[in-house]
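First up is the structure itself, then whatever we jot down about it.
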Amino acid sequence: MTEKINGLSDTKIESLYDSARSCVLDSDGVLDDSDEQRILELLDAIEDKITEYERLRLRLGRIVDYDRLKKKGFESSSLREFDKEDGEYVERIERYYADNLKKRLYMFGYPANMEDYSYATGYLRHLESKMYLMNNCGDPYQKGNYGMDSKSTEKKIIRLVAENFGISEGNYWGYITSGGTESNFWGIREGFNRLPAGKLYFSAETHYSVEKYVFDGERNDRYPYEIIPTDEHGRISVDALIEAVKRDRERGVEGAILVLTWGTTCHGVVDEVKKVTDSLRALGVDYYCHLDAAHFGGIAKNQENAPYVAHLGELGVDSVAVSMHKFMGTARVNGVLLALSRRDRPVIDYIGQEDSTFLGSRDYLPFSTYQRAREMLLRREPEHFCENVLYFEAKLRDAKIPFERFGSSNTFIIDKPSDEICKKYQLATFIDLHGNHKAHIIIFPFHKKEIMDELVGDVVLQEPFC
């Protein structure tokens, strides 16, 4: 079946494609505004047509589904009930879908860069939706019994992240995790595997997953640990940390396991990582340092005025956590655990290989994730990180709204606004170390300037917070 789309036949669409491709890829030119607008309108029309046919496919396909059930013995009364239930559920999810798209524009409280996907990434997501379970179990660098994996792509993603940190091939190991929490769990466990008589140290600004892993509030602590105070900027106090390590060494503790942070959860503060590791080396202390760089670790190294990690190897750390869904903005909540060395593990007969991971099986969208990571790490202009950040900072200053911002972070801390504003913009709220009610606003390239203006205006016009 052939029909025109937006008034164009298949032949004319092919001709438009050929001329536009030649202009962009085979010459020094670029599309003029009218040609670009023409293509964008055609893309919108194609999207509408796809949606129309998907709905038609759903309607016809449901009849086939119910017919197959009827042939297996289901009564017509049951099938009519199924039809009613399925129809109502689809309508509910369509409403949720529309609401989700609206809420995306007003999401300022949590780190997630929800930029529109490229057309290549979008198409790969479509293909992934048609595939069955791509389960990566066990070590990504070994092939086990399960053949429907995507480990070759997993290794490419890990390599991209390693190269962004300045680490060359052969000097790292890693895997895709369910997010920063699993990556942190892996780092802590690995630290105690290497230093079983050691002690864990982290600050009060560290992500809550760290204390969650070592202490559940009911049973004895899984591992010995100490929460180190922070300095006036919210960084782990190096002096307090070193004093604690020296004191514990005199008491027989053999080694320090550290979780340091490159972008704290509430304030976006970067710990003085190299100062810590240099101090421990000078003291001759055996240590394992895991760096939680969930948010900032995904920033491309070409970005101007951004808190990216330029050369991970120079920091003296052993492993690092990066969240793929934060600055890189992948479609699902996933992360990368990257370690600068790897220990052999026993072979698990059931999967036919070693398993150096924490959870074992891994579920993520491999091909669109790799495409998105390439685009974010290798194809962004240098001011990509800071354009909206600087715009929002200027708006706050013009409106005389007091705020805190650490260094080049994209996190702005303000006094907690009204509950209505917090709900509208999905702001995360917290009480700081001085007992003050605060909220943070995290600015990403996907945020629209008119929505940022609206947020600032709402804060200015609100009733004073009590």
Side-chain angles (χ1 to χ4, degrees), residues 1-62 90-91 93-107 112-131 153 300 325 328-332 365-381 383-384 387-388 391 444-454:
M1 181 172 60
T2 302
E3 65 175 276
K4 291 184 177 182
I5 301 177
N6 216 33
L8 296 177
S9 65
D10 290 348
T11 301
K12 289 186 177 180
I13 291 174
E14 285 295 328
S15 176
L16 174 62
Y17 166 77
D18 289 340
S19 63
R21 186 182 190 282
S22 177
C23 175
V24 174
L25 300 184
D26 300 331
S27 74
D28 294 331
V30 295
L31 297 176
D32 60 36
D33 291 345
S34 60
D35 285 341
E36 182 178 355
Q37 184 61 32
R38 189 181 184 198
I39 292 175
L40 289 174
E41 290 173 356
L42 178 60
L43 288 169
D44 287 341
I46 291 172
E47 183 67 29
D48 291 342
K49 188 61 65 175
I50 290 172
T51 302
E52 177 185 332
Y53 276 109
E54 283 289 346
R55 286 176 176 153
L56 178 60
R57 180 175 179 268
L58 170 65
R59 292 172 61 198
L60 292 172
R62 281 167 56 187
V90 167
E91 289 178 3
I93 300 310
E94 286 177 337
R95 292 194 297 271
Y96 176 88
Y97 169 74
D99 186 58
N100 177 270
L101 294 183
K102 181 179 179 181
K103 285 180 177 177
R104 165 179 169 264
L105 298 174
Y106 287 84
M107 207 289 289
N113 188 12
M114 292 182 287
E115 288 186 74
D116 291 333
Y117 299 118
S118 70
Y119 289 100
T121 299
Y123 180 69
L124 293 171
R125 286 192 68 189
H126 166 72
L127 292 182
E128 288 164 339
S129 72
K130 304 294 184 182
M131 298 183 197
T153 302
H325 58 286
M328 273 189 270
T330 54
R332 285 189 182 173
L365 301 173
F367 313 117
S368 61
T369 295
Y370 177 56
Q371 179 69 18
R372 176 75 165 189
R374 284 197 301 168
E375 292 167 356
M376 295 301 293
L377 295 178
L378 304 177
R379 304 180 188 178
R380 287 296 184 267
E381 62 279 7
E383 68 273 13
H384 183 69
E387 180 180 349
N388 272 353
Y391 178 87
F444 283 101
F446 86 92
H447 285 121
K448 307 294 184 186
K449 288 183 172 58
E450 59 269 24
I451 307 296
M452 290 189 277
D453 294 347
E454 186 178 341

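Computed from a prediction, not measured in an experiment: that's the story for all the values here. Only this structure's heavy atoms are used, side chains among them; waters, hydrogens and symmetry mates stay out.
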Quiz prompt | Flag side-chain contact, heavy atom, 4.5 Å: R125 against Q371 | solution = no

Quiz prompt | F367 to T153 - nearest heavy-atom pair and separation | solution = CE2-OG1, 3.4 Å

Exercise. Indicate yes or no for a side-chain donor-acceptor contact from R372 to the backbone of G329 under 3.5 Å, with no hydrogens or angles considered.
Key: yes

Exercise. Determine whether M114 and F444 make a side-chain contact, defined as any pair of heavy atoms from C-beta on separated by less than 4.5 Å.
Key: no

Quiz item: Around E94, counting heavy atoms of other residues, nucleotides and ligands shown, do more than 12 lie under 6.0 Å from its CD?
Solution: yes

Exercise. Mark yes when over 12 heavy atoms from residues, nucleotides or ligands other than R38 sit less than 6.0 Å from its CZ; otherwise mark no.
Key: no

Quiz prompt | Exam field: side chain T369 to backbone L365, donor-acceptor pair closer than 3.5 Å | solution = yes

Quiz item: Closest heavy-atom contact between C23 and L31?
Solution: SG-N, 4.0 Å

Practice problem: Report the distance from atom CZ of R374 to atom OH of Y370, rounding to the nearest 0.5 Å. | Solution: 4.5 Å

Self-check item: Test log, rule salt bridge (Lys or Arg N to Asp or Glu O under 4.0 Å), inputs E454 and K448
Solution: CA-CA 10 Å; E454 186 178 341; K448 307 294 184 186; over 6 Å; no

Practice problem: Decide yes or no on side-chain contact (heavy atoms from CB on, under 4.5 Å) for R332 and H325, but give the supporting numbers first. | Solution: CA-CA 6 Å; R332 285 189 182 173; H325 58 286; over 6 Å; no

Practice problem: Mind checking ring-ring contact (aromatic ring centres under 6.0 Å, His included) for H447 and listing every partner two or more places apart, or none if nothing turns up? | Solution: F108

Quiz item: Which atom pair, heavy atoms only, marks the closest approach of M328 to M376?
Solution: O-CG, 3.4 Å

Practice problem: Any chance you could measure E52, atom CD, to E47, atom CD, to the nearest 0.5 Å? | Solution: 12.5 Å

Self-check item: Atom OH of Y391 with >12 non-hydrogen neighbours under 6.0 angstrom
Solution: yes

Practice problem: Working to the nearest 0.5 Å, report the span between CE of M452 and CD of E450. | Solution: 8.5 Å

Practice problem: Carefully, step by step, assess E128 and S368 under the rule side-chain hydrogen bond (donor to acceptor under 3.5 Å, both in side chains). | Solution: CA-CA 8 Å; E128 288 164 339; S368 61; 2.8 Å; yes

Practice problem: Report the distance from atom CG of D44 to atom CD1 of I5, rounding to the nearest 0.5 Å. | Solution: 12.5 Å

Quiz item: Minimum heavy-atom separation for R104 to F446, with atom names?
Solution: O-CE1, 3.3 Å

Practice problem: Give a yes or no answer on whether the side chain of S22 reaches the backbone of D18 with a donor-acceptor pair at less than 3.5 Å. | Solution: no

Exercise. Indicate the atoms forming the closest heavy-atom contact of L16 with L42, along with that distance.
Key: CD2-CD2, 4.0 Å

Self-check item: Nearest-0.5 Å distance that lies between atom CG in N113 and atom OG1 in T330
Solution: 10.0 Å

Quiz prompt | Taking every non-hydrogen atom, the tightest pair across A120 and E375 | solution = CB-OE2, 4.4 Å

Exercise. Under the ring-ring contact (aromatic ring centres under 6.0 Å, His included) rule, collect the residues that match up with Y106, sequence neighbours excluded.
Key: Y425

Exercise. Kindly compute the distance separating CG (D35) from CG (L40), expressed to the nearest 0.5 Å.
Key: 11.0 Å

Self-check item: Atom CG of D99: over 12 foreign heavy atoms under 6.0 Å
Solution: yes

Quiz item: Does N6 use its side chain to pair, donor to acceptor, with the backbone of L8 at less than 3.5 Å?
Solution: no

